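Only one structure is covered here, and it is reproduced in the block below.
All heavy atoms count here, side chains included; hydrogens, waters and symmetry mates do not. Because the structure is a prediction, the values reported are computed rather than measured. Atoms within a ligand are numbered from 1 in the order they appear, just like the ligands themselves.
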Amino acid sequence: MESCISCKPLGFGCMRLPMLENGEVDHAQFCNMVDLFLERGFTYFDTAHPYLDGKSETAIRAALVQRYPRSAYTLANKLSNSCFKAEADIRPFLQTQLDACGVEYFDYYLYHALNADYYKKFTACRAFETVQQLKAEGKVRHVGMSFHDKADVLDEILTDHPELEFVQIQFNYADLDDPGIESRRCWEVCRRHGKPVVVMEPVKGGGLADKLPPAGKLLFAQAGLSPAAAAVRFAAGYEGVAVVLSGMSTLAQLEENTAYMRDFAPLSAAEQAAVERVQALLKRQDSIACTACRYCTAGCPKAIDIPALFACYNTSQVYEGWNSEAYYEANTLHGGKASDCVRCGKCEAICPQHLPIRELLQTVARRFENEDSI
Ligand code: SF4
Ligand code: SF4
């Protein structure tokens with residue numbers, strides 16, 4: 001199937017734009033970034049109404065839409081959960097987005113951050129039918145979704161909605177086999193359904209770039225890579241990945257990213273080996289040494305996804321500011337919270353790592369379920 005996304009494989013994620021001290025977008029710097037991005041042959045811009053409280057959309061209008069012909073770029077926007085309550089809200093909301101961005105249509109329109117819970121609401125509000133009507137009217141050209149939940153939920157949505165043309169997933173070398181996020185399994189589901197993949201968070205909110213531990217930076221330097229280049233090229237090298245989004249905040253970041261992605265080449269064997277060494281290094285930083293073998297889960301009377309909750313906790317400890325809370329919520333949506341543990345001990349009897357699971361779950365509960373600690 002021909003991909004609906006055809007562009008150089010780096011997209012400009014407009015959720016962390018350069019800001020001035022007065023809280024406004026740094027228009028001059030953003031213009032320079034837009035200019036260089038387009039000059040180097042890249043065309044894909046991604047926004048959503050909640051980004052920068054609506055300022056991302058209006059900044060795009062000023063720096064991109066009013067300065068370049070419509071054919072020079074493609075623009076993705078999203079139907080966000082927080083922006084509608086009922087079916088009747090969707091159509092006027094999309095019109096406010098078109099007006100804010102100053103365009104007649106969006107090239108790509110995504111159901112934003114779908115998970116099992118949001119999927120129910122989007123279905124009940126007939127979002128899928130409404131957006132298809134808007135597509136038929138030419139207000140959006142291609143319809144997809146961005147996704148934050150487990151691979152089985154993704155499979156269910158794509159099975160129910162074969163009309164979706166592409167999927168945006170969180171995908172990076174640290175989350176690949178994370179049991180709380182399941183990046184690899186989500187990518188496999190997309191491949192099975194024949195959907196092009198848009199990658200978000202390739203550097204995990206900076207955790208795999210500037211904030212990577214010094215030992216990781218050294219390993220990449222020895223392979224002639226910057227941490228950001230390693231992470232973005234790792235994601236872009238996967239089959240079916242059409243574009244990797246990078247939320248760039250400075251001209252320097254944009255210069256670096258566009259330089260190594262201008263003539264994109266997948267990682268060489270030596271570069272891939274460096275990524276694997278860094279993956280192992282990051283794994284050793286985990287506070288809870290769970291190997292995700294899942295021996296413990298089948299016998300739990302409270303259906304607690306123990307390795308997934310431990311993974312959320314590990315992530316929250318290593319990647320400060322990362323959205324582990326959202327993943328904890330997605331993993332416990334239908335019960336199975338850490339605090340549900342009845343301390344029967346069945347899991348500990350079977351754990352090959354001899355982890356004090358009951359005690360650790362209390363720590364996890366304190367981290368994610370105590371309002372004061374979140
Ligand atoms: S001790 Fe808690 S987590 Fe372990 S099996 Fe029993 S209820 Fe489940
Ligand atoms: S049995 Fe132990 S190591 Fe395996 S998934 Fe459960 S907690 Fe993790």
### Task
Note the single closest protein heavy atom to atom 8 (Fe) of ligand 1, along with its residue, its atom name and the distance in Å.
Cys300 SG, 2.4 Å
### Query
By number and element, which atoms of ligand 1 are closer than 4.0 Å to a non-hydrogen atom of Arg358?
1 (S)
#### Entry: Ring-face cation of Lys8 near Phe42 (centre distance under 6.0 Å, axis angle within 45°)
yes
#### Entry: Which of the ligand 2 atoms, numbered from 1, are nearer than 4.0 Å to a heavy atom of Arg294
4 (Fe), 5 (S)
### Query
Protein N, O or S atoms less than 2.8 Å from atom 2 (Fe) of ligand 2, ignoring waters?
Cys351 SG
### Heavy atom of the protein closest to atom 3 (S) of ligand 1 (residue, atom name, distance)
Leu361 CD1, 3.5 Å
#### Entry: Lys/Arg N to Asp/Glu carboxylate O, Asp35 vs Arg67, below 4.0 Å
yes
### Query
Do we get Arg70 above Tyr105's six-membered ring, with its NZ or CZ under 6.0 Å from the centre and within 45° of the axis?
yes
### Message
Looking only at the aromatic ring of each residue, does the gap between the centers of Tyr119 and Phe128 stay below 6.0 angstrom?
### Response
yes
### Query
Can you tell which of Gly345, Gly336, Cys344, Ala338 gets a heavy atom nearest to atom 5 (S) of ligand 1?
Cys344
#### Entry: Side-chain H-bond candidate by donor/acceptor type, Asp99 with Gln95, under 3.5 Å
yes
### Aromatic centroids of Tyr109 and His142 separated by under 6.0 Å
no
### Query
Does a donor on one side chain and an acceptor on the other come within less than 3.5 Å for Asn172 and Glu201?
no
### Atoms of ligand 1 close to Arg343 [distance to a heavy atom under 4.0 angstrom, numbered from 1]
1 (S), 2 (Fe)
Which pairs of donor and acceptor atoms, one on a side chain in residues 81-92, lie under 3.5 Å apart (sequence neighbours left out)?
unit_1: Asn81; atom_1: OD1; unit_2: Lys121; atom_2: NZ; d: 3.0
unit_1: Glu87; atom_1: OE2; unit_2: Arg126; atom_2: NE; d: 3.4
unit_1: Asp89; atom_1: OD2; unit_2: Lys85; atom_2: N; d: 2.8
unit_1: Asp89; atom_1: OD2; unit_2: Ala86; atom_2: N; d: 2.9
unit_1: Arg91; atom_1: NH1; unit_2: Glu137; atom_2: OE1; d: 2.9
unit_1: Arg91; atom_1: NH1; unit_2: Glu137; atom_2: OE2; d: 3.3
unit_1: Arg91; atom_1: NH2; unit_2: Glu137; atom_2: OE2; d: 2.8

#### Entry: Ring centers of Phe106, Phe45 separated by less than 6.0 Å
no
### Query
Tell me: protein heavy atom nearest atom 7 (S) of ligand 1, and distance?
Val342 N, 3.4 Å
### Task
Specify whether Trp187 and Phe171 have parallel, tilted or perpendicular ring planes, treating 30° as the upper limit for parallel and 60° as the lower limit for perpendicular.
tilted
### Summary
Among non-hydrogen protein atoms, atom 2 (Fe) of ligand 1 lies closest to Cys341 SG, 2.3 Å
